[in-house]
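Working notes, structure below.
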Amino acid sequence: MYYRYRQHCRYFLFIALVLLPIASQAAIYRYINSNGRLVLTDTPKHGGYIRLIKTDRGWVPETRYTFDPANKQAFSPYIRRAAKKHRVPYHLLHAVIRAESAYNSHAVSHAGAQGLMQLMPATAQRFGVKDPFNPSENINGGSRYLSYLIKLFKGDYKLALAAYNAGENAVIRYGNRIPPYKETQNYVRKVLKFYKLSGSS
């Protein structure tokens with residue numbers, strides 16, 4: 001089954017390279033039916049279809065997690081502790097976590113980011129996180145990283161968030177401005193929206 005799925009993935013990549021540029025304005029969805037056959041369409045017939053988004057790495061599945069208020073409450077003590085320790089606004093950390101994983105501590109993105117604050121393995125190692133799926137460790141490491149970015153960009157939350165999403169080198173490369181990546185621009189707006197809704201303090 002796994003081999004057959006890999007064959008479908010290769011076929012999908014071929015289709016993506018040849019056909020999707022023609023329909024670049026349309027939303028594309030994928031579905032693996034009960035026979036293991038890959039279905040691509042711009043008109044999904046049910047909730048089992050996964051929307052594909054165009055990124056710098058090509059067309060990849062859109063990652064979505066369901067917001068869980070119970071998890072928000074459960075992880076709040078860790079967030080408060082990390083916010084105080086690393087001098088990052090408490091509600092900003094909540095906004096980042098909601099945007100990144102919707103408080104799902106087992107979240108893994110298509111790019112390999114892990115845990116509540118969606119740390120890439122290299123970032124986790126850089127900031128001393130041994131187990132990215134441990135809520136306390138993940139929040140502490142992600143908060144430390146965000147604190148570093150806020151200082152790097154002289155308190156500019158927009159640039160710090162852009163760097164959290166796209167990497168600090170990308171922000172620097174574009175002259176200390178938000179990179180012209182749709183994903184990053186949407187991410188900054190999303191986090192700031194959550195931040196404003198949660199109290200901005």
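Note: hydrogens, waters and symmetry copies are ignored here, and every other heavy atom, side chains too, is used.
Expressed to the nearest 0.5 Å, how far CG of L119 lies from OH of Y145 amounts to 9.5 Å. With rounding to the nearest 0.5 angstrom, the OG1 atom of T184 is 10.5 Å from the CZ atom of R189. Rounding to the nearest 0.5 angstrom, the gap separating the NZ atom in K190 from the CD atom in E183 is 10.5 Å. Summarising the geometry, atom OH belonging to Y195 is positioned 9.5 Å from atom CG belonging to L93; distances are rounded to the nearest 0.5 Å. Considering CD of Q114 and CE of M120, their distance stands at 8.5 Å, rounded to 0.5 Å.
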Margin query: Apply side-chain contact (heavy atoms from CB on, under 4.5 Å) to residues L159 and I178 and explain how you reach the verdict.
Written below: CA-CA 6 Å; L159 294 184; I178 298 174; 4.1 Å; yes

Margin query: Test side-chain contact (heavy atoms from CB on, under 4.5 Å) on K158 and F153; report intermediate values, then the result.
Written below: CA-CA 9 Å; K158 289 184 179 180; F153 295 106; over 6 Å; no

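The two atoms that bring F133 and S105 nearest to each other are CD2-O, 3.4 Å, heavy atoms only. Of all heavy-atom pairs spanning I79 and I139, the tightest one is CG1-CD1, 3.8 Å. The two residues Q118 and S109 have their closest heavy-atom pair at OE1-CB, 3.3 Å. Residue Y187 comes nearest to A99 through the heavy atom pair CE1-CB, 4.3 Å, listed as atom of the first residue, atom of the second, then distance. Of all heavy-atom pairs spanning P179 and Q185, the tightest one is O-NE2, 3.4 Å. Nearest approach of G115 to N138, heavy atoms of both residues: CA-ND2, 3.5 Å.
Put simply, the side chain of N140 reaches to within 4.5 Å of the side chain of H86, judged on heavy atoms. Side-chain contact between I150 and L92 is present, with at least one heavy-atom pair separated by less than 4.5 Å. No side-chain heavy atom of K85 sits less than 4.5 Å from a side-chain heavy atom of S147. The side-chain heavy atoms of I97 and M117, taken from C-beta on, include a pair separated by under 4.5 Å. N104 places none of its side-chain heavy atoms less than 4.5 Å from the side chain of L116.
Judged by distance alone, the side chain of N186 and the main-chain N or O of K182 form a donor-acceptor pair under 3.5 Å.
No side-chain donor from either of E100 and Y164 sits under 3.5 Å from a side-chain acceptor of the other. One side chain, H94 or Y103, offers a donor N or O that lies under 3.5 Å from an acceptor on the other.
Taking the ring centre of F127 as origin, the terminal cationic atom of R144 falls outside the region bounded by 6.0 Å and 45° from the ring axis.
Results of the side-chain contact (heavy atoms from CB on, under 4.5 Å) test with V88 over L146, V96, L149 single out L146 as the only residue that passes.
For E137, the salt bridge (charged side-chain N to carboxylate O under 4.0 Å, His left out) criterion is met by no residue, not counting sequence neighbours.
More than 12 heavy atoms of other residues, nucleotides or ligands sit less than 6.0 Å from atom CZ of R126.
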